[in-house]
Amino acid sequence: MSDLNLNKVAAAVLLAGLIGMVVGKASELLYVGHFEHAGGHGEAHRGYKIDVVEEVAGGVASPQGAPDISALYASADANAGKDYFAKKCTVCHDINNGGANKVGPALWGVMGRKIASHAGFSYSKGLQAHADKSWNFDTMNAFQWKPAKFAPGTIMSYGGTAKDQDRANLIVYINSQGGNLPLPPVTVAPAPAATEVPAAESKGAAAKH
């Protein structure tokens with residue numbers, strides 16, 4: 001092979017090595033975020049961290065206990081509660097006067113009654129643990145919000161009633177069926193209604209800015 005051909009081969013090898021080095025450094029910069037120094041300082045952290053915030057419906061963390069709905073009882077709709085009961089509860093419960101136990105205990109007069117006390121029904125240990133309490137607006141609210149949280153181990157498969165207004169309507173209806181406990185005092189004021197700004201004023205305010 002002539003000297004000229006040898007020089008061409010050598011040049012090609014050097015060029016390939018140079019290209020490889022440039023590509024490697026470029027990849028290092030893009031992937032790691034900086035050039036690695038000789039000797040190193042331990043393994044560099046690669047990629048990037050994404051902070052994840054757990055959210056629930058409404059964009060806020062769920063409370064530790066059932067939300068206070070005392071402000072909703074006075075205006076609650078017992079007829080809406082009756083409809084809700086018919087859709088969600090009648091498969092397992094009879095709420096009529098003199099009604100029999102079904103999958104769940106009969107609920108006529110349940111408000112004001114001791115928890116886990118209805119004759120002829122075998123209650124779960126979760127509810128028996130509350131036998132020193134009575135069903136009232138507070139205990140019923142906690143139970144209807146999340147039965148499994150109120151009474152861990154309950155055999156009732158119903159997941160609960162998440163909407164505050166639905167719960168208030170339901171509890172007022174249940175109370176009207178042989179209970180008739182007085183409404184509890186309002187312990188948390190209702191959230192103030194959003195003030196609606198007339199369209200004309202809104203446009204005027206926007207124009208000033």
Side-chain angles (χ1 to χ4, degrees), residues 55-194:
E55 294 185 357
V56 296
V60 296
S62 61
Q64 293 300 310
D68 188 318
I69 57 174
S70 58
L72 301 179
Y73 290 128
S75 59
D77 185 346
N79 287 326
K82 180 179 181 180
D83 292 340
Y84 190 93
F85 187 95
K87 293 176 182 177
K88 303 286 187 178
C89 309
T90 51
V91 172
C92 297
H93 296 280
D94 190 331
I95 201 170
N96 297 308
N97 190 2
N101 294 328
K102 298 168 73 174
V103 176
L107 295 181
W108 173 264
V110 67
M111 292 290 278
R113 191 166 75 199
K114 283 287 188 179
I115 296 175
S117 67
H118 190 58
F121 189 82
S122 179
Y123 290 90
S124 65
K125 291 182 179 179
L127 279 173
Q128 290 177 27
H130 293 276
D132 59 329
K133 307 181 185 74
S134 296
W135 287 118
N136 55 36
F137 285 90
D138 289 337
T139 53
M140 187 62 76
N141 178 41
F143 183 70
Q144 293 294 342
W145 179 60
K146 286 186 179 180
K149 188 175 181 67
F150 178 83
T154 178
I155 59 175
M156 191 167 92
S157 60
Y158 183 58
T161 305
K163 292 184 178 179
D164 292 350
Q165 189 63 61
D166 285 346
R167 235 171 28 259
N169 294 341
L170 177 62
I171 294 170
V172 165
Y173 168 68
I174 292 174
N175 186 51
S176 72
Q177 303 302 295
N180 297 314
L181 294 179
L183 295 181
V186 176
T187 52
V188 173

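Residue numbers start at 1 and run along the sequence shown. Source: prediction; values computed, not measured.
Using modelled atom types, no side-chain atom of N141 and backbone atom of F137 make a donor-acceptor pair closer than 3.5 Å. Judged by distance alone, with hydrogens and angles left aside, the side-chain atoms of R167 form no donor-acceptor pair with the main-chain N or O of A66 at under 3.5 Å. Distance alone, capped at 3.5 Å, places no donor-acceptor pair between the Q144 side chain and the I171 backbone. A distance-only check finds no donor-acceptor pair linking the side chain of N169 to the backbone of A78 [under 3.5 Å].
Note: L127 CG to S117 OG = 10.5 Å, rounded to the nearest 0.5 Å. Here the CG atom belonging to L181 is positioned 7.0 Å from the CG atom belonging to N136, to the nearest 0.5 angstrom. In this structure, OG1 on T90 lies 10.0 Å from CG on N96, to the nearest 0.5 angstrom. Rounded to the nearest 0.5 Å, atoms CZ (F85) and CG (L170) are 7.5 Å apart. Taking NZ of K82 as the reference point, atom OH of Y173 lies at 5.5 Å (rounded to 0.5 Å). To the nearest 0.5 Å, atom CG of residue L107 and atom CE of residue M140 are 7.0 Å apart.
In this structure, the side chains of P152 and K125 stay at 4.5 Å or more apart for every pair of heavy atoms. Two residues are said to be in side-chain contact when any heavy atoms from C-beta on lie closer than 4.5 Å; V103 and V91 fail this criterion. Side chains of P105 and H93 form a contact here, defined as non-hydrogen atoms less than 4.5 Å apart. F121 is not listed as a side-chain neighbour of K102, based on a closest heavy-atom distance of 4.5 Å or more. Using a 4.5 Å heavy-atom cutoff, the side chains of V172 and Y73 are in contact. Side-chain contact check for Y123 versus H118: some heavy-atom pair is nearer than 4.5 Å.
Annotation for T154 and S124: closest pair CA-OG, 3.5 Å, computed over non-hydrogen atoms. Here the closest non-hydrogen pair linking A168 and A76 is O-CB, 3.8 Å. When every heavy atom of D132 is checked against every heavy atom of K114, the shortest pair comes out as O-NZ, 3.2 Å.
Side-chain N/O atoms of T161 and Y84 include a donor and acceptor closer than 3.5 Å. Looking at D68 and S70, their side chains do bring a donor and an acceptor atom within 3.5 Å of each other.
None of V186, D164, D138 except one satisfies the side chain to side chain contact (heavy atoms under 4.5 Å, CB included) rule with I69; the exception is D164.
Aromatic ring orientation, F150 versus H130: parallel (interplanar angle below 30°, classes split at 30° and 60°).
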